[in-house]
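Within every chain, numbering begins at 1; the chains are lettered A, B, ... in the order of the sequence lines, protein sequences first and strands thereafter. These values consider heavy atoms only, across backbone and side chains, with no hydrogens, waters or symmetry-generated copies.
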There are 2 protein chains.
Amino acid sequence: MSLRSALLALLRVGPMSGYELQKQFSVSVGHVWHAPGSQIYPELRRMEEEGLVVGEDQTRGERGARRLYHVTPAGDAAFLDWMRSPLGYLRVRDPAHLRAAYLESVEPAEARAFLRAHEEQWRAELAQWESEIRRIDAGESPMLQRRLAVTADEERAATTAYKRFTYEGLVERARTEIAWAQRGLALVDRLER
Amino acid sequence: MSLRSALLALLRVGPMSGYELQKQFSVSVGHVWHAPGSQIYPELRRMEEEGLVVGEDQTRGERGARRLYHVTPAGDAAFLDWMRSPLGYLRVRDPAHLRAAYLESVEPAEARAFLRAHEEQWRAELAQWESEIRRIDAGESPMLQRRLAVTADEERAATTAYKRFTYEGLVERARTEIAWAQRGLALVDRLER
DNA sequence: ACTGTCATGTAAGACGTTACATGATTAC
DNA sequence: GTAATCATGTAACGTCTTACATGACAGT
């Protein structure tokens, strides 16, 4: 149900088409949730059938068309229900740590390659998240601006603070993974001697 | 392919039945990978069809039966190939951080409930992983003992070190999540004033 | 004319979850 | 005898990925 909640969260700020939602999943919200078009379009139709959103057909030029989705009161309630419901924590499935547990079965060079790739992977994420925090602080985040525009004055500070808090968590996680990979590289060195 | 790799990793230490593998996924390896029986049994059969494992039928009592799976040289090679291949990092899908980004839309009490549950969730994991590290240090980890028994002398230190390293990473991650949740609780307090 | 981006999808398959079904053996 | 645990599955469903299909519009 998290895809649905992510879609509702975006649509609650203002109507969007499937295509625009897809774009959001590559930028802002994409940092915490991702979905391809092939998942979004069918989900939107199911949500419309269930009355959580309504589609509004628009024309573009002569024959072009797109469908803007609006959240209904039922959709709004569904989102808030989700926000209040206990999160379903999934059982761990962590390929990187699984592999780490068996690094002695490959050559030190190969172990290093894995750990360096892990570090690189998280450095890339870290860079994205840090720059997102800078954009939030500078008031330049487009998604946050859009949200603040429809937010009552007294909630603006909270909206910004929680958004920043979210990214801080991601940044800390990335730093933890990077530090772990570096300790792994040091361990490979130590074991080789 | 990670389920397959996890199964091969376990079977490389020694033959096991589907039932025993299932058990392992609730304890030792279960800390980094989980799978229910309904996934394990069919996967083992597919792996046998592909020649990665061979099943050996055994009897138990009068009519009882079980099937012990052994890794073949092809299975061994497949595991090492996986160890050497680049890890497929999945796009983020993080319900907890998704929710955190919208905490201003619920009451402070509800935001606190979510953050406390998050902290609790990770404290429970942390306790498990820390006790696993203590077991490793005390030489009491059954899975590690089993692995060390089939490991050449010169690789024993590495095997133990990588196993500990894996759990250290999990412990650090849990601590990061706990610290984040606590900062979130402090933030809720600050915003309420 | 051609490229890029807007726009919406289908199809097939891999992966995972939950619930249920069935029967044997072991320990009390 | 009865409960626990050993042992192996099936069925239905939900989620997610990858690849492909189709066409319109906008700018050069």
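The aromatic rings of A:Phe79 and A:Trp82 lie tilted to each other, with the angle between the two planes from 30° to 60°. Using the six-membered ring where Trp is involved, A:His97 and A:Trp180 have ring planes that are parallel, under 30° apart on the 30 and 60° scheme.
Here D:dT17 presents its C1' atom at 16 Å from CD of A:Glu43, a figure rounded to the nearest Å. To the nearest angstrom, C1' of D:dC25 lies 13 Å from CZ of A:Arg66. What separates CG of A:Asp57 from P of C:dC6 is a distance of 19 Å, to the nearest Å. Look at CD1 on B:Ile40: it is 12 Å from C1' on C:dG16, rounded to the nearest Å. Protein atom CD of A:Gln39 is 18 Å distant from nucleotide atom C1' of C:dA7, rounded to whole Å. Between B:Glu56 atom CD and D:dT8 atom C1' the separation is 17 Å, expressed in whole Å. Look at CG on B:Leu90: it is 13 Å from C1' on D:dT15, rounded to the nearest Å. In this structure, A:Glu48 atom CD and C:dT8 atom C1' are separated by 14 Å, rounded to whole Å.
Here A:Arg45 lies in heavy-atom contact (under 4.0 Å) with sugar-phosphate atoms only. In this structure, B:Glu20 reaches neither bases nor backbone, as no heavy-atom distance under 4.0 Å exists between it and the strands shown. Within the 4.0 angstrom heavy-atom criterion, no nucleotide atom of any strand lies near B:Arg91. Using a 4.0 Å heavy-atom criterion, one finds that A:Ala35 contacts no nucleic acid atom at all.
Under 4.0 angstrom from either OP1 or OP2 of C:dT17 there lies at least one side-chain N or O belonging to A:Arg93. Note on B:Arg60: every side-chain N or O is 4.0 Å or more away from OP1 and OP2 of D:dC6. Between C:dT8 and A:Tyr19, no contact under 4.0 Å exists linking OP1 or OP2 to a side-chain N or O.
Between the side chain of B:Ser38 and the base of C:dT18, at least one donor-acceptor pair of N or O atoms lies under 3.5 Å.
Paired with A:Glu130 under the rule salt bridge (Lys or Arg N to Asp or Glu O under 4.0 Å), one option of A:Arg164, A:Arg175, A:Arg135, A:Arg123 passes, and it is A:Arg175.
Considering only side-chain atoms of A:Gln22, the nucleotide from D:dT10, C:dT8, C:dT17 that sits closest is C:dT8. Considering only the side chain of B:Pro36, C:dT18 comes nearest among C:dT18, D:dC16, C:dC15.
The nearest heavy atom of DNA chain D to B:Lys23 and to B:Pro42 marks one nucleotide each, and the one closer to the 5' end goes with B:Lys23. Of the two residues near DNA chain D, A:Arg46 and B:Ala65, the one whose nearest nucleotide lies more 5' is B:Ala65.
Comment: A:Arg112 engages A:Glu192 in a salt bridge, judged by a side-chain N to carboxylate O separation of less than 4.0 angstrom.
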- Item | B:Leu10/B:Phe25 under side-chain contact (heavy atoms from CB on, under 4.5 Å): CA gap, chis, key distance, verdict | CA-CA 10 Å; B:Leu10 289 168; B:Phe25 281 126; 4.3 Å; yes
